[in-house]
Visitor: 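Before we start, here is the structure in question, set down as structure tokens.
Below, all heavy atoms of this structure are taken into account, side chains as well, without hydrogens, waters or symmetry copies. Quick note on labels: first sequence line is chain A, next is B, and so on, each numbered from 1.
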There are 2 protein chains.
Amino acid sequence: MKKVSIKDIAQHLNVSVSAVSLTLNGKGDEKRISKTTQKRIVEYAQEQNYRPNSFAKGLQKGKSEIIGLVVPNISDVFFSRIARRIEKQAEQAGYDVIFSSTGENIEKESKKIQSMLDRQVDGLIIASCQKNTSDILKLKQNNFPFVLIDRLYPEIETNYVGFDNVGGVSSAVNQLIQAGRKRIGFVTLSMNLGTIRERLDSYLQTMKEHALPVENGFVHEMDYNNDEADMQNVIREMLKKPCNIEAIVFATHFLASEGLRQLKELNIRVPDDVAIVSYGEQKDFDLFEPAITAVNLPINEMGDKAVDILLRNMKETNFSYEQLRLKTELVVRKSCGAK
Amino acid sequence: MKKVSIKDIAQHLNVSVSAVSLTLNGKGDEKRISKTTQKRIVEYAQEQNYRPNSFAKGLQKGKSEIIGLVVPNISDVFFSRIARRIEKQAEQAGYDVIFSSTGENIEKESKKIQSMLDRQVDGLIIASCQKNTSDILKLKQNNFPFVLIDRLYPEIETNYVGFDNVGGVSSAVNQLIQAGRKRIGFVTLSMNLGTIRERLDSYLQTMKEHALPVENGFVHEMDYNNDEADMQNVIREMLKKPCNIEAIVFATHFLASEGLRQLKELNIRVPDDVAIVSYGEQKDFDLFEPAITAVNLPINEMGDKAVDILLRNMKETNFSYEQLRLKTELVVRKSCGAK
DNA sequence: TTGAAAGCGTTACCAT
DNA sequence: ATGGTAACGCTTTCAA
């Protein structure tokens with residue numbers, strides 16, 4: 001691309017560089033550049049398709065007009081949907097978005113955050129692996145604008161947008177109880193994430209409230225990179241004595257679909273033999289056999305709110321912080337065995 | 001973040017700015033900076049957590065080490081999976097990725113591409129709306145490195161990575177024919193995309209080769225923003241006389257799942273009454289009732305190849321261009337009524 | 001009403 | 001071996 005600089009324009013029109021800069025930034029009137037001069041500048045700039053060099057601008061202003069998005073994995077629908085929303089909202093405010101996937105890895109997360117700071121992003125939205133206390137703390141101490149999504153550091157006061165995991169899981173468990181199930185298991189991830197812990201706690205709590213048993217083998221924590229065999233073993237164990245599970249709550253949508261896959265593999269009838277509920281919706285859960293009951297998470301809202309908070313944080317100098325828990329909604333389908 | 005500049009370091013250590021720059025860029029030996037000086041510089045830089053300002057660097061070098069990714073919608077799994085791959089490959093080569101969604105809208109696409117160029121991206125990967133000839137042409141004329149993915153401009157010679165739509169659709173149609181279906185319909189999008197046209201052409205061609213009828217009402221082009229009602233009407237028409245469709249090929253995975261949804265709504269038995277095949281896989285198609293036969297598209301490979309070509313294009317000065325068609329693979333499941 | 005010039009942080013060339 | 005300095009393109013303050 002041939003590039004026309006502000007200097008080129010100035011030279012060609014025999015005006016000063018500052019006149020051009022001022023005019024092109026809409027400060028012509030304010031700074032009393034004559035209408036005629038302004039007109040000549042604007043027209044010539046247009047004609048030459050002048051485009052400001054964002055490096056020069058950024059260098060000068062110390063701002064990039066970029067928001068950085070750090071997530072475990074952009075190809076996960078959950079995060080890509082959030083990304084889309086963030087992009088949309090950011091765009092309206094004149095920001096571009098740059099993203100990085102961290103693979104739930106702390107070193108990588110740290111590197112990516114650093115790299116974004118090097119690029120002078122004006123703010124960050126982070127779904128952290130939740131082991132990265134040091135970076136989060138550093139950001140906070142430096143008063144750098146950022147908001148955590150989905151994953152919280154309870155010991156650090158920061159902006160945060162998450163889901164009401166407790167309410168969500170309890171609505172799932174309650175639904176199964178209502179449908180008459182008593183021996184209800186919980187399949188979750190072995191990750192040390194607050195959001196994951198909350199889900200487990202809510203399951204335990206809800207069972208307790210109903211005086212229902214949570215015996216050995218009722219709860220299983222899968223490795224993040226679990227494979228079919230793992231899930232099959234887990235399901236097998238839950239089904240046989242002494243567990244004799246009648247229902248399972250899955251802590252994520254992908255655990256639910258993998259669970260259903262293995263239940264089918266083992267020729268277990270869902271929901272007749274085992275009822276299931278997924279914490280987290282997935283496209284076309286209604287087309288599954290059986291259609292899967294799921295707790296719907298307001299993903300779009302998460303993206304919207306995150307940007308909203310971030311922008312305000314970036315603007316207001318003494319913004320403290322804001323924390324949000326978004327309400328979930330149970331979508332009842334066949335798999336939970338509801339009457 | 002408090003920022004330490006190269007100048008600060010130089011002043012503190014009583015050496016020149018250039019010595020610091022050279023050393024920190026690993027050119028110390030080459031330019032004969034004494035080992036001791038180098039050591040002092042490196043240590044102090046580390047201690048002060050020096051981070052180069054990428055704006056200054058970019059301004060100076062005219063390079064950003066950013067690859068721009070322009071897609072219709074980042075929240076579409078198809079594109080987010082590609083994005084992840086691109087990110088991965090780009091990272092290994094030292095590039096960050098910035099993305100933009102265009103919503104299949106030409107004005108927006110044009111704006112986004114421009115904005116990326118303003119940011120001085122070093123290269124672009126574009127899934128274009130395919131109506132944006134002028135921008136693509138401009139990029140090409142300026143010898144700017146870019147590669148088109150999925151969507152081709154047949155009249156412009158550019159880098160391109162796409163799928164073998166013709167082979168893919170014909171494998172789908174053939175499968176249905178093998179399963180004994182004769183009256184086979186095709187539901188596609190009304191978008192004027194080459195990749196969409198190829199799919200339709202391949203359907204028509206394959207039917208012709210087998211001397212099978214393609215009558216009025218056999219082919220339907222849905223609006224991109226179709227809703228349930230549209231799909232239900234289409235299905236209804238295909239089912240009744242004079243169409244009496246026995247099987248349907250859907251041109252995209254989301255058309256397929258929406259189609260199945262409406263077939264179920266109408267209490268049509270799949271595959272007994274109507275067999276279906278989807279062009280494009282979707283997570284958990286195997287769990288649907290019935291499990292959906294689909295043409296699997298090598299998405300990861302698309303991302304990999306795109307970056308591969310782009311990087312080479314960026315490096316080699318007189319790179320001409322490269323076009324690739326990736327082979328698809330039919331995954332047979334219950335929905336196609338295979339024996 | 002306009003122009004000149006400093007400065008943003010780096011790199012790279014030219015001196016010494 | 002090392003230092004000085006122009007240049008990258010832009011914004012903004014100060015003078016005129």
Visitor: Along nucleotides 7-16 of chain C, 5' to 3', which nucleotides get a B, which get an S, and which get a -, given that the test is a protein heavy-atom distance under 4.0 Å?
Guide: BBBBBB----
Visitor: Sequence neighbours excluded, which residues qualify as salt bridge (Lys or Arg N to Asp or Glu O under 4.0 Å) partners of B:D122?
Guide: none
Visitor: Output all residues satisfying salt bridge (Lys or Arg N to Asp or Glu O under 4.0 Å) with B:E301, sequence neighbours left out; order by chain, then residue number.
Guide: none
Visitor: Could you check how far CD of B:Q120 sits from P of D:dC10, rounded to whole Å?
Guide: 9 Å
Visitor: Mind checking what makes side chain to side chain donor-acceptor pair (under 3.5 Å) contact with B:R81, not counting sequence neighbours?
Guide: none
Visitor: Under the rule for side chain to side chain donor-acceptor pair (under 3.5 Å), what residues qualify as partners of B:N313, not counting sequence neighbours?
Guide: B:N159
Visitor: Strictly below 4.0 Å, N to O, side chains only: are B:E91 and B:K88 in salt-bridge contact?
Guide: no
Visitor: Ion pair present between A:E43 and A:K39, side-chain N to carboxylate O less than 4.0 angstrom?
Guide: yes
Visitor: Can you sort out which residues in residues 37-46 of chain A have a heavy atom within less than 4.0 Å of DNA chain C? Ascending by number, please.
Guide: A:T37
Visitor: Describe the nucleic acid contact of A:N14 in one word from base, sugar-phosphate, nothing, applying a heavy-atom distance below 4.0 Å.
Guide: sugar-phosphate
Visitor: Would you call the rings of B:F163 and B:F78 parallel, tilted or perpendicular if under 30° counts as parallel and over 60° as perpendicular?
Guide: perpendicular
Visitor: Roughly how many Å is it from CD in A:E65 to P in D:dT11, rounded to a whole number?
Guide: 11 Å
Visitor: Should the pair A:K131-A:E107 be classified as a salt bridge under the 4.0 Å nitrogen-to-oxygen rule?
Guide: no
Visitor: Grab the CD1-P distance between A:I9 and D:dG9 for me, whole Å please.
Guide: 12 Å
